[in-house]
Undergrad: 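Sharing a structure below in structure tokens format, with a few things to ask.
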Amino acid sequence: EDQVTQSPEALRLQEGESSSLNCSYTVSGLRGLFWYRQDPGKGPEFLFTLYSAGEEKEKERLKATLTKKESFLHITAPKPEDSATYLCAPVWDSGGATNKLIFGTGTLLAVQP
Amino acid sequence: DGGITQSPKYLFRKEGQNVTLSCEQNLNHDAMYWYRQDPGQGLRLIYYSQIVNDFQKGDIAEGYSVSREKKESFPLTVTSAQKNPTAFYLCASSRYTGTAGEKLFFGSGTQLSVL
């Protein structure tokens, strides 16, 4: 069964304290992986798309990396405004006309000043 | 500004009542989606549409119905057959399906609660 697991479920950091979020998956035929940020009561906001193992992408204090079995979202020197839930979603070939995408349950990040 | 508009922000359903959630996009996207989000669970796909007048069931379609009469609009009806409708509903769109790189753009969501 195709599965996605994000860890930790929740993470509390002090401002400036760097850390990483993990997204591991068991899917066959991975075509790519999305990272999204979601604020309370709002829709997810796109951050990154990664396509192949070894790929890295950066945006401000965030850097996403991808291996064959997992992806990391590294947060360097976070600020309180980085507090949100971070969702990952691998995309794979389901054998049909469209690719299949499945979202993880997310990591709730709280950055304290 | 281009984007996806969901309405209403909050909706209350009485027992035995059907309710309809609105989703409109002005991004000229072909594909549109409805997801349900429950606390502690990932987003689950209810229905999706790749083109006008065509749509497919997702993973949890029972108790829901949709229509796609216009490219810009993809309303979701939560029927009385959906016994546990309380959730946060998200509409999304993408240029098309079938390509890994086509990211989803999301609306701001509708919180549905049962009275």
Side-chain angles (χ1 to χ4, degrees), chain A residues 1-10 23-25 27 29-53 55 57 59 64 66 71 84-108, chain B residues 2-10 21 23 25 27 29-51 54-60 87-113:
Chain A
E1 181 183 340
D2 301 311
Q3 285 193 332
V4 182
T5 303
Q6 289 192 247
S7 62
E9 290 185 7
C23 172
S24 62
Y25 45 85
V27 302
L30 185 75
R31 302 287 303 278
L33 184 140
F34 296 123
W35 279 100
Y36 281 83
R37 168 193 170 124
Q38 186 175 22
D39 293 303
K42 297 189 177 181
E45 175 186 341
F46 172 78
L47 292 174
F48 305 108
T49 306
L50 301 168
Y51 292 99
S52 58
E55 187 175 2
K57 289 196 176 171
K59 179 180 179 180
L66 184 66
S71 178
T85 296
Y86 290 87
L87 306 172
C88 72
V91 183
W92 68 96
D93 184 357
S94 65
T98 64
N99 290 309
K100 191 169 177 65
L101 178 153
I102 184 169
F103 282 86
T105 54
T107 292
L108 176 60
Chain B
I4 300 176
T5 302
Q6 289 188 241
S7 63
K9 180 67 175 174
Y10 301 96
L21 285 61
C23 177
Q25 55 101 356
L27 299 167
H29 285 174
D30 286 329
M32 296 187 74
Y33 312 79
W34 274 105
Y35 283 90
R36 169 178 172 145
Q37 188 173 35
D38 295 277
Q41 295 195 40
L43 277 69
R44 292 182 290 169
L45 182 63
I46 305 173
Y47 268 98
Y48 67 98
S49 169
Q50 296 175 270
I51 197 169
D54 185 52
F55 49 83
Q56 286 78 41
K57 293 181 178 179
D59 300 319
I60 55 165
F88 191 52
Y89 290 85
L90 287 160
C91 179
S93 72
S94 64
R95 285 194 299 176
Y96 35 79
T97 61
T99 302
E102 284 307 315
K103 59 182 179 281
L104 273 62
F105 293 78
F106 285 88
S108 56
T110 292
Q111 176 64 51
L112 175 62
S113 302

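Given the structure is predicted, the values throughout are model-derived calculations rather than measurements. Quick note on labels: first sequence line is chain A, next is B, and so on, each numbered from 1. All heavy atoms count here, side chains included; hydrogens, waters and symmetry mates do not.
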Undergrad: More than 12 non-hydrogen atoms from neighbouring residues, nucleotides or ligands closer than 6.0 Å to CG on B/L27, yes or no?
TA: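 Atom CG in B/L27 is crowded, with more than 12 foreign heavy atoms closer than 6.0 Å.
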Undergrad: Can you tell me which portion of A/L87 sits under 4.5 Å from chain B's heavy atoms? Options are side chain, backbone, both or neither.
TA: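 When you check distances to chain B, only side chain atoms of A/L87 fall under 4.5 Å.
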Undergrad: For residues B/F106 and A/F46, establish whether the separation of their ring centroids is below 6.0 Å.
TA: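 No; A/F46 has its ring centre 6.0 Å or more from that of B/F106.
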Undergrad: Under 4.5 Å from any heavy atom of chain A, what part of B/Q111 do you find: side chain, backbone, both or neither?
TA: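 For B/Q111, there is no contact with chain A at all, as no heavy atom is under 4.5 Å.
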Undergrad: Enter the distance from B/D59:CG to A/I102:CD1 here, rounded to the nearest 0.5 Å.
TA: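 With rounding to 0.5 Å, CG (B/D59) is 7.5 Å from CD1 (A/I102).
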Undergrad: Under the side-chain contact (heavy atoms from CB on, under 4.5 Å) rule, collect the residues that match up with A/T105, sequence neighbours excluded.
TA: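 Once residues adjacent in sequence are excluded, A/T105 has no partner under the side-chain contact (heavy atoms from CB on, under 4.5 Å) criterion.
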Undergrad: Does some side-chain heavy atom of B/L104 sit less than 4.5 Å from a side-chain heavy atom of A/Y36?
TA: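 When only atoms from C-beta onward are counted, B/L104 and A/Y36 do touch, with a gap below 4.5 Å.
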Undergrad: Is A/Q38 close to chain B through its backbone or its side chain, or both, or neither, when contacts mean heavy atoms under 4.5 Å?
TA: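 For A/Q38, the side chain is the part near chain B, not the backbone.
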Undergrad: How long is the straight-line distance from CD of B/E102 back to CZ of A/F34, given to the nearest 0.5 Å?
TA: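 Rounded to the nearest 0.5 Å, the CZ-CD separation comes to 7.5 Å.
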Undergrad: Taking atom CD of A/E9 as the centre, report whether more than 12 heavy atoms of other residues, nucleotides or ligands fall under 6.0 Å from it.
TA: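 No, not enclosed.
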Undergrad: Using a 6.0 Å cut-off, check whether atom NZ of A/K57 has over 12 heavy atoms from anything other than its own residue.
TA: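 Result for NZ/A/K57: enclosed.
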Undergrad: Does any N or O in the side chain of B/K9 come within less than 3.5 Å of the main-chain N or O of A/G41, such that one atom is a donor and the other an acceptor?
TA: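 Yes, because the side chain of B/K9 sits within donor-acceptor range (under 3.5 Å) of the backbone of A/G41.
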Undergrad: From B/S94 OG over to A/L101 CG, what is the distance, rounded to the nearest 0.5 angstrom?
TA: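 That separation rounds to 9.5 Å.
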Undergrad: Which residues pass the salt bridge (Lys or Arg N to Asp or Glu O under 4.0 Å) test with A/E45, not counting sequence neighbours?
TA: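 Here no residue qualifies.
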Undergrad: Which answer fits B/L43, side chain, backbone, both or neither, if we ask what part of it has an atom under 4.5 Å from a heavy atom of chain A?
TA: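 Interface part for B/L43: both.
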